[in-house]
Each structure stands twice: as structure tokens, then as C-alpha cells.
Amino acid sequence: MVKLLIVEDEAPLLLELVDYLSGMDYLCESAASFSEAEDKIALYDYDIVLLDLMLPGGNGLSLLRQLKKKNARTGVLILSAKDSLDDKLTGLDLGADDYITKPFHLSEINARIHALIRRKHFQGSEVIHFGAIGLDVKAQTVNVEGQNVELTKKEYDLLLFFIINKNRVLSKRSIAEHLWGDDYDMADNYDFVYVHVKNLRKKLLAAGSPDYLKTIYGMGYKFSEA
């Protein structure tokens with residue numbers, strides 16, 4: 001699941017964006033002020049941030065600088081009522097990936113996010129391949145050498161997260177945070193992560209996939225062909 005942070009101080013628009021994008025199967029978190037957004041950016045990682053420039057308590061461009069310093073891979077879509085060329089150029093120079101001026105249609109926001117995901121992670125392709133595994137990010141289907149693999153939504157999200165972060169060690173905490181958002185803080189332990197990883201591995205192996213999932217004891221998991 002793609003994890004979004006929506007930074008917007010207009011309460012009706014923020015609620016509308018969260019409701020709509022949650023319905024599009026994004027994991028959405030929100031912030032309505034500079035300080036709230038600053039705290040979330042410091043504590044959590046996001047795939048994409050929708051960032052308003054005019055915020056109570058500070059400027060969105062300052063948040064963009066902090067965000068890119070912490071994690072340059074995060075995609076940023078600037079939302080702004082200001083149709084100023086200088087603002088656009090400054091935001092893009094600081095590392096923003098796209099810019100949309102209010103008012104906008106929600107369907108356009110979804111299209112921009114989808115294009116950004118494909119561009120940043122999959123070189124513009126709708127179908128990605130990892131070894132014997134094929135994953136269609138639009139249809140949300142998975143196959144091993146052409147054989148369909150039936151996954152639950154969380155298993156699919158987990159596989160996509162592993163492929164996006166291939167060859168990197170992912171802690172159980174980072175997996176829980178990505179798949180469950182702020183709700184993961186309620187957990188006493190991360191046994192539920194182990195269960196989802198175990199089930200995903202079992203289904204992939206049953207379909208004939210090599211075992212790409214490596215357990216790094218005391219650290220987490222790595223998805224690798226090595």
C-alpha cells in the first residue's frame with residue numbers, strides 16, 4: 001500500500017482528500033499545520049507527500065527542505081492556491097516532483113499520484129518484474145512465471161513494499177508502520193508482521209518462485225535475488 005501524508009490547512013479540503021484517497025486504497029495520514037507536519041515528517045517515512053505551501057506556523061517550502069534532507073526518495077506533489085512561476089520553480093528546485101494549483105479535481109490528484117508512483121519506482125511501467133515474479137500495479141495482481149498467485153490485500157501491499165525496497169533490510173517496525181500507519185503504535189509486538197511475511201513466502205514458493213525473502217536475524221527482512 002502506498003503511504004501518503006496530506007499537508008493541508010483547509011479543513012474541508014483536507015477531509016475530502018483523505019476520504020477520497022483512502023477510497024483509492026492509499027494509506028493516508030494528515031497534518032493541518034506546519035508544526036504537525038514537521039513532527040510527522042521527523043517520525044515517519046512516506047512514499048508521497050501532498051504539500052500545501054501556505055500553512056499556519058510556517059512555509060511549506062521549509063518542510064520540503066526537511067523532507068528531502070531526511071528521505072530524498074519521497075515523492076512530493078505541491079498543492080497551492082498560488083499560481084506563481086517563482087513558487088513552482090522554487091519547489092521543483094528543492095526536489096518537488098509535481099505541482100498542481102487549486103482548485104483541482106480529485107480524479108486529477110489521483111492521476112498525478114499514480115503517475116508519480118510509476119515514474120519514481122517503476123520507470124513508468126504498469127507491470128514490474130522481480131526475478132520470476134510479475135506484479136501489475138494497476139490491476140494489483142501477482143504471478144510467478146505466468147501463474148496467478150492469490151494474495152490478500154496486505155500480502156500484496158507487503159510484496160510491493162519489498163520489491164520497491166529490494167536488497168534493503170527492512171525492520172519489522174518499518175513494515176508495520178508502512179502497512180498500518182499510525183495504528184501500528186497500538187501493537188504490543190510485531191508478531192502480526194511475521195505472520196504476513198510467512199504467508200506471503202508460502203504462497204510464492206507454492207507457485208514455484210525462488211525464495212527471495214531473506215530473514216536477517218535480529219534486524220528484519222530483505223527481498224533479494226542474491
Side-chain angles (χ1 to χ4, degrees), residues 1-5 25-27 29 40-49 67-75 114 116-226:
M1 181 175 289
V2 174
K3 186 177 181 182
L4 306 180
L5 174 63
D25 281 335
Y26 298 109
L27 180 61
E29 296 179 16
K40 293 215 167 190
I41 288 170
L43 288 171
Y44 306 112
D45 290 324
Y46 299 94
D47 296 301
I48 294 177
V49 175
L67 183 63
K68 287 300 178 177
K69 185 175 181 180
K70 182 193 176 194
N71 187 354
R73 300 174 68 228
T74 299
H114 191 65
L116 183 53
I117 293 166
R118 287 188 288 112
R119 187 165 71 246
K120 289 189 77 67
H121 294 301
F122 312 129
Q123 292 75 53
S125 176
E126 297 281 6
V127 179
I128 58 174
H129 297 277
F130 185 92
I133 299 172
L135 190 150
D136 188 320
V137 296
K138 188 171 185 179
Q140 297 193 351
T141 57
V142 175
N143 71 80
V144 173
E145 300 291 2
Q147 177 183 334
N148 188 55
V149 182
E150 292 291 339
L151 300 179
T152 66
K153 184 68 172 66
K154 277 290 187 283
E155 290 163 358
Y156 171 86
D157 292 339
L158 178 60
L159 177 60
L160 180 59
F161 189 49
F162 276 132
I163 291 177
I164 288 174
N165 293 281
K166 62 186 178 182
N167 303 318
R168 297 176 61 198
V169 177
L170 300 175
S171 67
K172 290 182 180 179
R173 176 183 175 132
S174 68
I175 293 170
E177 177 191 324
H178 185 85
L179 296 182
W180 283 271
D182 289 344
D183 291 340
Y184 91 96
D185 289 329
M186 305 289 288
D188 294 328
N189 57 57
Y190 299 119
D191 289 347
F192 58 95
V193 172
Y194 168 77
V195 171
H196 284 288
V197 170
K198 178 183 176 182
N199 290 340
L200 173 62
R201 174 187 273 134
K202 182 179 179 180
K203 289 182 179 181
L204 292 175
L205 292 178
S209 171
D211 191 4
Y212 301 125
L213 255 172
K214 317 298 181 186
T215 300
I216 312 299
Y217 291 100
M219 298 178 68
Y221 302 96
K222 180 167 70 170
F223 208 73
S224 173
E225 291 187 82

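- With rounding to the nearest 0.5 angstrom, the OG atom of S209 is 9.0 Å from the CG atom of L159.
- If you take CG on L160 and CG on D47, they are separated by 8.0 Å, rounding to the nearest 0.5 Å.
- Among residue pairs with one or both ends in residues 211-226, those qualifying as salt bridge (Lys or Arg N to Asp or Glu O under 4.0 Å) are R201-D211; sequence neighbours excluded.
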Worksheet item: After noting the C-alpha distance and the side-chain angles of Y156 and L135, does the key distance pass the side-chain contact (heavy atoms from CB on, under 4.5 Å) rule?
Response: CA-CA 9 Å; Y156 171 86; L135 190 150; 3.3 Å; yes

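- Here the side chains of L213 and Y221 are in contact, with some heavy-atom distance below 4.5 Å.
- For F162, the ring pair (Phe, Tyr, Trp, His ring centres under 6.0 Å) criterion is met by F223, not counting sequence neighbours.
- Side chains of I128 and I163 form a contact here, defined as non-hydrogen atoms less than 4.5 Å apart.
- Y212 places a side-chain N or O within donor-acceptor distance of the main-chain N or O of A132, the cut-off being under 3.5 Å.
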Fill in: Audit row: V142, Q147, side-chain contact (heavy atoms from CB on, under 4.5 Å) steps and yes/no
CA-CA 8 Å; V142 175; Q147 177 183 334; over 6 Å; no

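- Nearest heavy atom pair, residue A207 against residue V144, reads O-CG1, 3.6 Å.
- In this structure, the separation between CG on L67 and CD1 on I41 is 5.0 Å, given to the nearest 0.5 Å.
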Practice prompt. Go through the steps for L116 and I48 under the test side-chain contact (heavy atoms from CB on, under 4.5 Å), then give the verdict.
Written response: CA-CA 9 Å; L116 183 53; I48 294 177; 3.9 Å; yes

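- Contacts classified as salt bridge (Lys or Arg N to Asp or Glu O under 4.0 Å) and involving residues 140-153 (residues at least two apart or in different chains) are given here: K153-D157.
- For A139, the side chain to side chain contact (heavy atoms under 4.5 Å, CB included) criterion is met by D136, T141, not counting sequence neighbours.
- To the nearest 0.5 Å, atoms CG (N199) and OH (Y194) are separated by 9.5 Å.
- In this structure, N143 and V149 have side chains that are not in contact, with every pair of non-hydrogen atoms separated by 4.5 Å or more.
- No donor-acceptor pair closer than 3.5 Å links the side chain of S171 to the backbone N or O of M219.
- Within the 4.5 Å cutoff, no side-chain heavy atoms of V49 are placed close to those of L4.
- Applying the side chain to side chain contact (heavy atoms under 4.5 Å, CB included) test to K68 and every residue at least two apart in sequence or in another chain returns L64, V76, D97.
- Not counting sequence neighbours, the partners of K154 by the side chain to side chain contact (heavy atoms under 4.5 Å, CB included) test are T152, L179, W180, H196.
- E155 places none of its side-chain heavy atoms less than 4.5 Å from the side chain of L204.
- A salt bridge links D45 with K70: the closest approach of a Lys/Arg side-chain nitrogen to an acidic carboxylate oxygen falls below 4.0 angstrom.
- Taking the side chain as every heavy atom from C-beta outward, Y46 and Y44 approach each other to under 4.5 Å.
- Looking at heavy atoms from C-beta onward, I175 lies out of side-chain contact with R173 at the 4.5 angstrom threshold.
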